[in-house]
Enquirer: 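Take this structure first; my questions come after.
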Amino acid sequence: MIGPSYGVTAQAPLASPHDTYLRLLAGTLAGYAILGRGFAAVGVPPLFIGEVVLALGLIVLMRTRCWFAMLGTPASVLLAVLILWGVIRTVPFVGVHGVDALRDSVVLVYGLFAFIVVAILLEEPRRLAWIVRAYGGLAWVYGLTGGLLFVASITSAEFVQIPNSEIRLPYVRAGEAASHLAGAAVFTLVGLRASTPLWCTLLIANMALVTLSRAAMLTCLVPVMLAAVLSGQLRRFLPAVLLGLSLLAAAAALDLRVPLPGGRDLGAAQIVEGLESVVGSSNASNFEGTKQFRLNWWATIRNYTFHGPYFWTGKGFGANLAMEDGYQGSEPGESKLRSPHNGHMTILARAGVPGLALWLVLLAVWFGMLLYHAAVASRRRQPRWVSLFLWLTCYGAAILINASFDVALEGPMIGIWFWSLFGLGIGATMIYRAGLAWVLDDDPHRQRWSGTKVSLLPS
């Protein structure tokens, strides 16, 4: 039985072992966002922090006994099939490529994090409000520091050097910082967290700092614009646009530049060149060189899958695609590559056309599910649910935009984030459909724990 909504908190205390795991997962995600690759290196090869948290999460999943309940949406079923296909295309290559096969397969196998998050939410739906509140704190911090973390990562301003390695802390790439800055911006724009003019100004400044690549630029701009349109907050968004343009104009007038490694500068001129490279071509060779490199490699992958011998199976997980496809060291400034700078092409090359088809259908179903429930919540005048679904939509879009230009989903820093958000979206829709909209109630007068067990799982 589910007790009455009154007296039940949106910020329920977390006390069970599974709640402890939720805190661990949240802390791990925060570590990936703030420290990047340096945090991902925590552990003893080949077991790093991501693999440990995944193993513990699978134990939690089994303990919740929600093996069938978590398959209650089309997105869940499609994800299970996609992971199974990934395993099928990995197992035959473990004997040949060893750990590399397992490492490459995480682009799909990290989808298990989605099921872990779904299980945690189905067991206790009130955890959803805790997750939203906890992310609000991270969003506030990241809005102030995201760009600075990236700048520190590519200069000599690192705070900690990991012994006997080239990894330092922080080690956050532009696309990673851009994804999380976009998530923080959308979270505030749709009203899930209050903001101040000062915070918004610093957020815009931090976004400007990550515009070293077109991927980061698009990752920042597109999701925020999408959120502004879908949430009806376009008028609220325009002052931020004007402020950003004013800061850009001032930087151009003063010729402000930040020297970066490799002889590159970060400044107004570089931002304009990045925009030119997105909509057409740019005179900057660093943009056009990497752009043409990727287009050539992607064309090669399409040829040997859609029109070649790897249509059904792909090349499997474990092979070094850069070496096999003839692109090892071909990108300017790159000497060691394994996968193309596009997560969709990685899936196509390794899992074939069936894998790509499953992936694209899965994304369409997930985004459609979120937008549909946002529309339903809007008709029912439930603004916090509308905001939640839109935030998840735009955050997921930000990560996918970054993954379309970079090796992102293939690693834990972004891969685990994406699949955790994916599971959060599935779990949130299942909670909403079950008539438990009150779990997201943020009324301060209803902040007492009733002690009543609330679960979507059979007792």
Enquirer: Would you call T346 and D104 a side-chain contact if the rule is heavy atoms closer than 4.5 Å?
Expert: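 No, too far: nothing below the 4.5 Å cut-off.
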Enquirer: Is the shortest side-chain heavy-atom distance between I426 and L121 below 4.5 Å?
Expert: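 Sidechains of L121 and I426: no contact.
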Enquirer: Can you name the nearest heavy-atom pair linking T219 to A178, along with the distance?
Expert: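 So the two residues come closest at CG2-C, 3.7 Å.
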Enquirer: Is the side chain of R193 donor-acceptor paired with the backbone N or O of A139 at a distance under 3.5 Å, no angle test?
Expert: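 Checked: no pair found.
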Enquirer: Give me the ring orientation class for F422 and W366: parallel if the planes are under 30° apart, tilted from 30 to 60°, perpendicular past 60°.
Expert: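 Judged by the thresholds at 30° and 60°, the geometry between F422 and W366 is parallel.
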Enquirer: Mind checking the CD1-OH spacing from I154 to Y171? Nearest 0.5 Å is all I need.
Expert: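 If I round to the nearest 0.5 Å, the distance is 11.0 Å.
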Enquirer: Do you know which two heavy atoms are closest between A75 and V365, and how far apart they sit?
Expert: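 Between these two residues, the closest heavy atoms are N-CG1, 3.8 Å.
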Enquirer: Any donor and acceptor pair, going by atom type alone, linking the side chain of N342 with main-chain N or O of S404 inside 3.5 Å?
Expert: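 Such a contact is found between N342 side chain and S404 backbone.
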Enquirer: With ring pair (Phe, Tyr, Trp, His ring centres under 6.0 Å) as the test, pick out the partner of W417 among Y32, Y395, Y110, F113.
Expert: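 Among the candidates, only Y395 passes.
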Enquirer: What's the verdict on side-chain contact (heavy atoms from CB on, under 4.5 Å) for R338 and R103, showing C-alpha distance, side-chain angles and the deciding distance?
Expert: CA-CA 11 Å; R338 288 192 57 82; R103 183 178 67 178; 2.8 Å; yes
Enquirer: Does S76 reach the main-chain N or O of G72 with its side chain, forming a donor-acceptor pair under 3.5 Å?
Expert: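 No; zero donor-acceptor contacts below 3.5 Å.
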Enquirer: Which heavy-atom pair separates A177 from F150 by the least distance, and what is that distance?
Expert: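 That closest heavy-atom pairing would be CB-CB, 4.2 Å.
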Enquirer: What distance do T145 atom OG1 and H180 atom NE2 have between them, rounded to the nearest 0.5 Å?
Expert: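 That separation rounds to 11.0 Å.
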Enquirer: More than 12 heavy atoms of other residues, nucleotides or ligands under 6.0 Å from CZ of R433: is that the case?
Expert: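 Buried by this count: over 12 neighbours within 6.0 Å.
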Enquirer: Under 3.5 Å, is there a donor-acceptor pair between the side chain of R294 and the main chain of F405?
Expert: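 Indeed, once roles are kept as given, a pair shorter than 3.5 Å links the two residues.
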Enquirer: With a 3.5 Å distance limit and no angle check, can you tell me whether S153 reaches the backbone of P170 through a side-chain donor-acceptor pair?
Expert: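 Yes.
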Enquirer: From the options N402, I401, V210, select the one residue that forms a side-chain contact (heavy atoms from CB on, under 4.5 Å) with S179.
Expert: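 Going through the options one by one, the only one that passes is N402.
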Enquirer: Given side chains that start at C-beta, do those of F48 and E51 come closer than 4.5 Å, heavy atoms only?
Expert: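 Yes, side chains in contact.
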Enquirer: Are H18 and R127 close enough that some pair of their side-chain heavy atoms sits under 4.5 Å apart?
Expert: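 Touching, per the 4.5 Å side-chain cut-off.
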Enquirer: Looking at V353, is its backbone amide N or carbonyl O close enough to the side chain of T305 to form a donor-acceptor pair, meaning the two atoms are under 3.5 Å apart?
Expert: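 Not at all, since once roles are kept as given, no pair shorter than 3.5 Å links the two residues.
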Enquirer: With ring pair (Phe, Tyr, Trp, His ring centres under 6.0 Å) as the test, pick out the partner of F389 among F367, Y432, Y372.
Expert: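 Looking at F367, Y432, Y372, the match for F389 under the ring pair (Phe, Tyr, Trp, His ring centres under 6.0 Å) is Y432.
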Enquirer: With a 4.5 Å heavy-atom cut-off, do M345 and L321 have their side chains touching?
Expert: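 Not in contact.
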Enquirer: Once you round to the nearest 0.5 Å, how far does CD1 of I49 lie from CG of L54?
Expert: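 One gets 11.5 Å once the value is rounded to the nearest 0.5 Å.
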Enquirer: Evaluate whether atom CH2 of W298 has more than 12 neighbouring non-hydrogen atoms of other residues, nucleotides or ligands under 6.0 angstrom away.
Expert: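 Correct, the count exceeds 12.
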Enquirer: Between T393 and L370, is there a donor-acceptor pair closer than 3.5 Å when you use the side chain of the first and the backbone of the second?
Expert: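 Not a single qualifying donor-acceptor pair exists.
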Enquirer: If we only count heavy atoms from C-beta on, is the M70 to L61 side-chain gap below 4.5 Å?
Expert: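 They are in side-chain contact.
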Enquirer: If I compare all heavy atoms of L108 with all of G86, which pair ends up nearest, and what's the gap?
Expert: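 What the structure gives for the nearest pair is CD1-CA, 3.8 Å.
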Enquirer: Tell me whether the rings of Y135 and F187 are parallel (<30°), tilted (30 to 60°) or perpendicular (>60°).
Expert: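 Geometry flag for F187 against Y135: perpendicular rings.
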Enquirer: How long is the span from the CG atom in L78 to the CG atom in L71, to the nearest 0.5 Å?
Expert: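 The distance works out to 11.0 Å.
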Enquirer: If we ignore hydrogens and angles and just use 3.5 Å, is the side chain of Y142 paired with the main-chain N or O of A33 as donor and acceptor?
Expert: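 Here the side-chain-to-backbone pair exists.
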Enquirer: Of all the heavy-atom pairs spanning I416 and S420, show the shortest one and how long it is.
Expert: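 Reported closest heavy-atom pair: O-OG, 2.8 Å.
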Enquirer: Check the pair L421 / V117 against side-chain contact (heavy atoms from CB on, under 4.5 Å), numbers first and verdict last.
Expert: CA-CA 8 Å; L421 287 170; V117 173; over 6 Å; no
Enquirer: When you look at L356 and F306, which way does the side-chain contact (heavy atoms from CB on, under 4.5 Å) test go after all the steps?
Expert: CA-CA 11 Å; L356 179 66; F306 281 102; 3.9 Å; yes
Enquirer: Is there any salt bridge (charged side-chain N to carboxylate O under 4.0 Å, His left out) pair reaching into residues 176-188, and which pairs are they, with sequence neighbours excluded?
Expert: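 Every pair satisfying salt bridge (charged side-chain N to carboxylate O under 4.0 Å, His left out) with a residue in residues 176-188: R173-E176.
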Enquirer: Under 4.5 Å between any side-chain heavy atoms of L35 and V172, yes or no?
Expert: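 Side chain of L35 against side chain of V172, heavy atoms only: no contact under 4.5 Å found.
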Enquirer: Measuring from atom CE of M430 to atom CE of M369, what distance do you get when rounded to the nearest 0.5 angstrom?
Expert: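 The CE atom of M430 sits 9.5 Å away from the CE atom of M369.
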Enquirer: For the pair I131 and L22, evaluate side-chain contact (heavy atoms from CB on, under 4.5 Å) and give the outcome as yes or no after the intermediate values.
Expert: CA-CA 9 Å; I131 293 172; L22 178 57; 4.1 Å; yes
Enquirer: Using every non-hydrogen atom in the two residues, find where R89 and A351 come nearest and quote the distance to one decimal.
Expert: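 That closest heavy-atom pairing would be CG-CA, 4.4 Å.
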Enquirer: For W385 and H373, which I'm curious about, is there any donor-acceptor pair between the side chains at under 3.5 Å?
Expert: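 No - no donor-acceptor pair under 3.5 Å links their side chains.
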Enquirer: Has N206 got a side-chain atom pairing as donor or acceptor with G147's backbone, closer than 3.5 angstrom?
Expert: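 Yes, the answer is positive, given that a donor and an acceptor are paired below the 3.5 Å cut-off.
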Enquirer: Atom OG in S195, atom CG in L202: separation rounded to 0.5 Å?
Expert: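 The distance works out to 11.5 Å.
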Enquirer: Is there side-chain contact between F115 and L79, with heavy atoms separated by less than 4.5 Å?
Expert: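 Yes - at least one pair of side-chain heavy atoms lies under 4.5 Å apart.
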Enquirer: D100 side chain to G318 main-chain N or O, any donor-acceptor pair under 3.5 Å?
Expert: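 No: the side chain of D100 does not pair with the backbone of G318.
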